[in-house]
Student: 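My questions will all concern the structure given below.
Bear in mind the structure is a predicted one, so any value in this text is a computation, not a measurement. Along the sequence shown, residues carry numbers from 1.
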Amino acid sequence: MVNTEAMLAEALPPDREPDPEHWPEWTAADARAKRTALLAYRDGARVRAGTLPTEDELPAIEAQLSALCRAGPRPRTALRLLLTVDRSIMGWVTEEQAWRRDAAERARPPFPDEALRDLPLFSEAADVLRMTDHDADFDYGLQATGCGC
């Protein structure tokens with residue numbers, strides 16, 4: 001079984017010093033690195049899901065909270081932001097790995113044309129469900145949470 005701390009340590013830079021003036025950028029960079037780390041392991045997000053930080057991870061979390069709090073939020077709000085991003089990564093990686101496993105099946109149109117006939121708005125946007133550009137879609141999610149650049 002893979003140690004989840006080691007799984008992330010491989011991708012996260014050792015000098016993860018957060019910058020309060022640029023918190024969206026470092027939060028997004030951290031999220032991208034975590035996504036990369038989890039994608040490197042089969043079911044990486046599922047293995048990581050439900051775990052609490054280890055004692056060794058606490059100083060890095062404290063540094064992130066400190067930088068976020070200097071940017072404005074109180075500690076509870078800052079931690080909730082970090083959890084929101086982290087849980088988004090977990091869900092995203094779980095979905096992305098499932099889509100990649102079923103890539104051949106996903107190449108087909110997700111819905112027959114007749115199912116979309118009376119749904120012009122959904123019909124126009126339905127290709128988003130194909131997740132053809134995982135990086136761009138992930139970055140869009142980061143932007144939607146205010147953490148993207």
Side-chain angles (χ1 to χ4, degrees), residues 1-2 4-13 16-53 57 60-61 63-149:
M1 178 130 176
V2 175
T4 60
E5 186 179 354
M7 186 186 323
L8 292 178
E10 292 176 14
L12 295 175
R16 294 172 56 205
E17 188 61 38
D19 175 3
E21 291 184 34
H22 300 98
W23 71 265
E25 291 87 354
W26 63 256
T27 302
D30 205 56
R32 288 182 192 105
K34 286 178 182 176
R35 174 178 163 244
T36 298
L38 295 172
L39 284 171
Y41 293 89
R42 181 170 186 226
D43 297 325
R46 291 179 191 206
V47 171
R48 177 83 174 162
T51 63
L52 291 173
E57 292 173 304
I61 295 169
Q64 291 177 326
L65 290 175
S66 175
L68 284 171
C69 289
R70 286 190 310 246
R74 303 287 306 141
R76 290 175 63 85
T77 301
L79 185 55
R80 283 184 171 139
L81 171 67
L82 294 175
L83 285 174
T84 297
V85 172
D86 199 55
R87 290 173 178 161
S88 174
I89 296 163
M90 304 291 266
W92 185 268
V93 169
T94 299
E95 289 288 329
E96 187 172 348
Q97 287 182 327
W99 277 84
R100 288 177 189 228
R101 272 192 300 273
D102 301 333
E105 180 182 320
R106 307 285 184 195
R108 299 189 318 251
F111 308 103
D113 289 341
E114 59 272 8
L116 302 176
R117 183 179 33 240
D118 296 327
L119 307 169
L121 299 176
F122 186 77
S123 180
E124 182 179 327
D127 68 314
V128 171
L129 294 175
R130 288 178 183 248
M131 294 179 64
T132 56
D133 189 342
H134 299 285
D135 295 334
D137 290 341
F138 184 76
D139 283 347
Y140 178 86
L142 290 174
Q143 290 173 358
T145 62
C147 295
C149 320

Student: Distance from R87 atom CZ to R48 atom CZ, nearest 0.5 Å?
Tutor: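 Rounded to the nearest 0.5 Å, the CZ-CZ separation comes to 11.5 Å.
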Student: In Å and rounded to the nearest 0.5 Å, what is the NE2 to CD distance from H134 to Q97?
Tutor: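 It comes to 10.5 Å.
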Student: What I want to find out is whether R117 reaches D113 closely enough, with some N-O distance under 4.0 Å, to be called a salt bridge.
Tutor: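 Salt bridge absent between R117 and D113.
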Student: Set out, in order, the CA-CA distance, both residues' side-chain angles and the distance that settles salt bridge (Lys or Arg N to Asp or Glu O under 4.0 Å) for E57 and K34, then state yes or no.
Tutor: CA-CA 14 Å; E57 292 173 304; K34 286 178 182 176; over 6 Å; no
Student: For the residue pair D135 and R32, establish whether any side-chain heavy-atom pair is separated by less than 4.5 Å.
Tutor: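 No, too far: nothing below the 4.5 Å cut-off.
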Student: Once you round to the nearest 0.5 Å, how far does CD of E96 lie from CG of L39?
Tutor: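 It is 4.5 Å, given to the nearest 0.5 Å.
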Student: Residues in ring-ring contact (aromatic ring centres under 6.0 Å, His included) with F122, at least two apart?
Tutor: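 If we apply the ring-ring contact (aromatic ring centres under 6.0 Å, His included) test to F122, skipping adjacent residues, the hits are F111.
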Student: Below 4.5 Å, heavy atoms only, C-beta onward: do W92 and L38 meet side chain to side chain?
Tutor: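 No, every pair of side-chain atoms sits at 4.5 Å or beyond.
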Student: Only counting residues at least two apart or in another chain, list the ones meeting side-chain hydrogen bond (donor to acceptor under 3.5 Å, both in side chains) with D118.
Tutor: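 Checked D118 against side-chain hydrogen bond (donor to acceptor under 3.5 Å, both in side chains); zero matches.
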Student: So, does D43 use its side chain to make a donor-acceptor pair with the main chain of R46 at under 3.5 Å?
Tutor: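 Such a contact is absent between D43 side chain and R46 backbone.
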Student: What donor-acceptor contacts under 3.5 angstrom involve side-chain atoms of residues 66-86, with partners at least two apart or in another chain?
Tutor:
from : atom 1 : to  : atom 2 : distance (Å)
S66  : OG     : R70 : NH1    : 3.2
T84  : OG1    : R80 : O      : 2.8

Student: To the nearest 0.5 angstrom, please state how far the CG atom of L142 sits from the CD1 atom of I89.
Tutor: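 Interatomic distance, L142 CG to I89 CD1, rounded to 0.5 Å: 7.0 Å.
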Student: Tell me whether the NZ or CZ atom of R35 lies within the 45° cone about the ring axis of F138 and under 6.0 Å from its centre.
Tutor: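 Cation-pi check for R35 and F138: passes.
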Student: For residues Q64 and D30, report the shortest heavy-atom separation together with the two atoms involved.
Tutor: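 Minimum heavy-atom separation between Q64 and D30: NE2-OD2, 3.2 Å.
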